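Single-structure report; data block below.
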Amino acid sequence: MKIKTCTTTPYDDQKPGTSGLRKKVKQFQQPNYLENFVQSVIDTVGNLAGKTIVVGGDGRYYNREAIQTILKMAAANCVGKVLVGRGGLLSTPAASAVIRKYGAEGGFILSASHNPGGPDEDFGIKYNGNNGGPAPEQLTEAVFQRSLEITQYNIAEGAETDLDQVGVSSAGDMVVEIIDPVSDYAELMEELFDFDKISALFASGFRMRFDAMNAITGPYAKEILEQRLGAAAGSIINGEPLEDFGGGHPDPNLTYAKELVDEMFGSNPPDFGAASDGDGDRNMVLGANFFITPSDSLALIAANAHHVKGYRQGLAGVARSMPTSGAVDRVAELLGIECFETPTGWKFFGNLLDAGRITLCGEESFGTGSDHVREKDGLWAVLFWLNVLAVRQEPVADIVTEHWAKYGRNYYTRHDFEAVDSEAARGLMAHIESQLTHLVGTRIDGRTISYADNFAYLDPVDKSESQNQGLRIGFEDGSRIIFRLSGTGTVGATIRIYIEQLELEPSRQQQDTQQTLIALIEFASSLSELESRTGRSTPTVIT
Ligand code: VG1
Ligand code: CO
C-alpha cells in the first residue's frame, strides 16, 4: 500500500460546535475539507500511532465515503487497528461503549445528529477520546487552531474496505475489523437492566411504540426490544436507517416525531411511546396521552433509580446542563447527593463522570445518560423507563403526577427560532446582555428578578473555565428565562429561549404549560426585541 503526503490549504471554518464539526454535505465535499479536519485531529491528538481507534456513523448520506477516507488516512498515519461498525454504522452511544470496551485510544463518530441528511443536507464529524466521550473544549479548540495552519495530510492509496462483512482485514500494516454494531451495546444494556422483568411486562400485554425515525436506532431497537425482550412485532416504526432519514428531521420532539405523537395522543394509544434521533443519543418518552419533558424524565430516572438493577447501589451524584429545568435538583436534595450545573453539551459531563462524582446526567434537549458510557443514550433511557414501569406497574401519567406532588412541578418550555439571520441573532443577544445588570430587582407578573448574568462554568475536576454559555435571568421563586444561540445549526443562527416556573401546589400542577408560562414568554420576547430584530414572533419548534 502506497502512502501519499498531499499538500493542502486551510479552511477557516472548521471550528467544532456544541458537538463536533457540522456543515452541509456540500461543504464537506469541497477538496480536502474532510481530510484537513481528520489530519488536524490526528496531529492534535498526537498519539494514535500503533493504537486502536473506532469509526462509525449514523448512516446518513456521505457516511460511507467519509469512512473510506478516514480508513486510508488512519493507515497512512500509522494507526494500529480500526474497529468499524458493519455498514459503517454505530450509534453515538454504541461507539462510546465500543471505545470503552476494547480500550481504544479514541474514535471518529460521523453524524449531524438530529439535523436532516441527504446531498443537500447536513453531515458531521467529531472525535471522542479514550474515555468514550466527546473531546473537551481545550482539544476541540486546539484542533481548530491546527486546521487554520495545516499544509499537508497523509493518505494511503489502495482498495476500499468492504464495510459490509463482519471480519478482519488489513489496509497496509493497519488491521481493520468490521464488527457487529449492535451486539456489544446490547450486552451492556443487559448488564444494566432487568431484562427478565421487562420481558414479563411485554408478555403481560403491555404495548409500546418506538419511532426510530428512519435513523440509526432501528437495528438496535429491533434486536433489543423485539428480539431480546419480546415486544410485539411492529412495536418499532421507521426502523430502517435511510441515508436521508426519509426526508425528515430525525429529531425526537413533539414537532418532528409527529407520527408517534399522533398515535400516543390518539384513540387507544399504546402504554408507552419513545423516539430517538439520527445518531441514537436522544430520546423522547411518552405515556398514553402524556408527554414527559426531558427535564422531568431526568428527575424521574434519578428518583426511581433504586428500582433498576444497574443503579440499585445508589447514585454518586447527578448533573444537568444549565438550561435544563431544576426538577432533578430537588431529587438530589432529597437523596442527599451532589447536583452539578454544566454548560450545554455532553462534553461537559465527561470529567464529572470520569471522576465518579456523578452517575446520571441529562439535558433538556432530549438527552439523558449515565456513567455506563460517555455520551447521552437514547435507548438506554427508554430501557430505564421500561424497567421502572415493569417494577412499578403503574401508568406513566400516574408515576409523573405522583412525582410532581412530592417534588413540585417545573413547568418548562423551550422556544426555538431556527435559521434566523446571524447578524440579527448576535444583535439580539448583545441587546439582552446590555440590559442584564439593570434587571435585578425588576418585578414581572408578581415575581422579582434576583440575578441576571452570562453563565460561566468552572469545571470542578480540572478547573478549566468556559465563558459565554448562555444569558440567564433568575427569579426569587426559582423561575428562569435563558437565552442561547445554538452551536449545532448549519444555516444562519438558531435562537433558543428556555423558560421554567416551579409549582409546588398539587392542585395547580395540571395546567397547560404555554398558558402557565405566558407572562414569562411575553417578557422574554419584549426584552429581546425578538420580533423587530428577527421578524419572527412564532417559534419554529416549541418543546
Ligand atoms: C443542541 C442541544 C444540546 C445538545 C447538542 C448535541 O445543542 O441544545 O443540549 O448537547 O444539541 O446534541 P445546541 O448548541 O444546538 O443548542 V446531538 O443529539 O445533536 O449530538
Ligand atoms: Co444526537
Side-chain angles (χ1 to χ4, degrees), residues 15-23 56-60 90-96 109-117 122-128 133-135 137 140 212-213 215-217 220 245 249-253 256-257 275-284 293-295 298 319-325 341-350 361-369 373-381 414-420 425 429 455 466 468-471 482-498 540-541 543:
K15 189 179 174 67
T18 313
S19 185
L21 183 69
R22 292 186 188 169
K23 299 283 175 196
D58 63 12
R60 68 178 59 225
L90 274 175
S91 77
T92 292
S96 185
I109 300 180
L110 309 170
S111 170
S113 186
H114 53 290
N115 295 3
D122 293 359
F123 190 73
I125 176 167
K126 68 174 179 175
Y127 182 77
N128 283 27
E137 258 195 339
T140 56
M213 304 192 82
I216 189 75
T217 45
Y220 293 84
F245 310 117
H249 282 248
D251 196 351
N253 59 35
Y256 294 129
S276 190
D277 71 331
D279 62 330
D281 56 357
R282 295 186 177 207
N283 74 92
M284 173 168 70
T293 71
S295 298
L298 174 63
R320 61 167 173 83
S321 67
M322 184 274 282
T324 303
S325 95
E341 184 177 45
T342 59
T344 294
W346 210 259
K347 56 180 177 265
F348 293 103
F349 295 130
C361 44
E363 298 191 278
E364 49 61 44
S365 54
F366 299 91
T368 336
V373 289
R374 292 295 179 272
E375 291 279 4
K376 55 187 183 272
D377 190 343
L379 262 173
W380 170 90
R414 182 175 110 180
H415 288 197
D416 293 333
F417 299 84
E418 293 176 357
V420 170
M429 292 296 283
F455 180 58
S466 304
N468 291 317
Q469 298 297 327
L471 304 177
I482 290 143
F483 298 88
R484 266 187 78 248
L485 294 186
S486 158
T488 58
T490 56
V491 184
T494 293
I495 300 168
R496 303 200 196 286
I497 307 180
Y498 313 76
T540 322
V541 176
T543 300

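Both ligands and their constituent atoms are indexed starting at 1 by order of listing. This is a predicted model, so every value here is computed, not measured.
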Taking side chain as C-beta onward, heavy atoms only, is Glu363 less than 4.5 Å from Lys376?
-> yes
Near Thr344, which atoms of ligand 1 are under 4.0 Å from a heavy atom of that residue?
-> 3 (C), 8 (O), 9 (O)
Look at the side chain of Thr540 and the backbone N and O of Glu418, then say whether any donor-acceptor pair between them is shorter than 3.5 Å.
-> yes
Hey, is the main chain of Gly17 close enough, under 3.5 Å, to the side chain of Arg22 for a donor-acceptor pair?
-> no
Test of proximity, His114 against ligand 1: N or O pairs below 3.5 Å | yes
Closest protein heavy atom (residue, atom, distance) for atom 20 (O) of ligand 1 = Arg22 NH2, 2.9 Å
Closest approach of any protein heavy atom to atom 18 (O) of ligand 1, naming residue and atom | Ser113 OG, 2.6 Å
Can you list the atoms of ligand 1 that are under 4.0 Å from a heavy atom of Ser19?
-> 6 (C), 20 (O)
For residues Asp58 and Ser113, report the shortest heavy-atom separation together with the two atoms involved.
-> OD2-N, 3.9 Å
So, do Trp346 and Asp281 sit near enough that their side-chain heavy atoms are less than 4.5 Å apart?
-> no
Does the Asp277 side chain pair with the main chain of Arg282, one donor and one acceptor, at a distance under 3.5 Å?
-> yes
Where ligand 1 meets Gly345 - atom numbers and elements under 4.0 angstrom, heavy-atom basis | 10 (O)
Identify, by atom number and element, the atoms of ligand 1 in contact range of Asp281, meaning under 4.0 Å from any of its heavy atoms.
-> 17 (V), 18 (O), 20 (O)
Is there a side-chain contact between Asn128 and Arg374, using heavy atoms and a 4.5 Å cut-off?
-> no
Taking the side chain as every heavy atom from C-beta outward, state whether Phe417 and Ile497 have any atom pair closer than 4.5 Å.
-> yes
Under-4.0 Å heavy-atom contact with ligand 1, by part of Asn115 that carries it = neither
What closest approach, in Å, do Phe349 and Gly362 show between heavy atoms, and which atom pair accounts for it?
-> CZ-O, 3.5 Å
Are any of the heavy atoms in Glu375 under 4.0 Å away from ligand 1?
-> no
Within a distance under 4.0 Å of any heavy atom of Arg496, pick out the atoms of ligand 1 and give their elements.
-> 8 (O), 13 (P), 15 (O), 16 (O)
Kindly say whether Asn253 contributes a backbone atom to a donor-acceptor pair with the side chain of Asp251 at under 3.5 angstrom?
-> no
What do we get for Ser486 next to ligand 1 when only non-hydrogen atoms under 4.0 Å count, side chain, backbone, both or neither?
-> both
Mind checking what makes side chain to side chain donor-acceptor pair (under 3.5 Å) contact with Thr324, not counting sequence neighbours?
-> Ser321
Got the closest protein heavy atom to atom 9 (O) of ligand 1, with its distance?
-> Ser365 OG, 2.6 Å
Using a distance threshold of 2.8 Å, what protein N/O/S atoms lie below it relative to the Co ion (ligand 2)?
-> Ser113 OG, Asp277 OD2, Asp279 OD1, Asp281 OD1
Residue Asp277 vicinity, atoms of ligand 1 by number, heavy atom under 4.0 Å | 18 (O)
Judged by non-hydrogen atoms, does Ser321 sit under 4.0 Å from ligand 1?
-> no
Measure the distance from atom 7 (O) of ligand 1 to every protein heavy atom, then report the residue, atom name and distance (to 0.1 Å) of the closest one.
-> Thr488 CG2, 3.5 Å
Pair Arg496 + Glu364: basic N to acidic O under 4.0 Å | no
Between Glu375 and Ile109 the two heavy atoms that sit nearest each other are OE2-CD1, 4.1 Å
Quick one: which ligand 1 atoms are inside 4.0 Å of a heavy atom on Arg414?
-> 8 (O)
Closest to atom 1 (C) of ligand 1 (heavy atoms only, candidates Arg282, Glu363, Lys376) is Arg282
If only atom types and distance count, is the side chain of Arg484 paired as donor or acceptor with the main-chain N or O of Tyr498 below 3.5 Å?
-> no
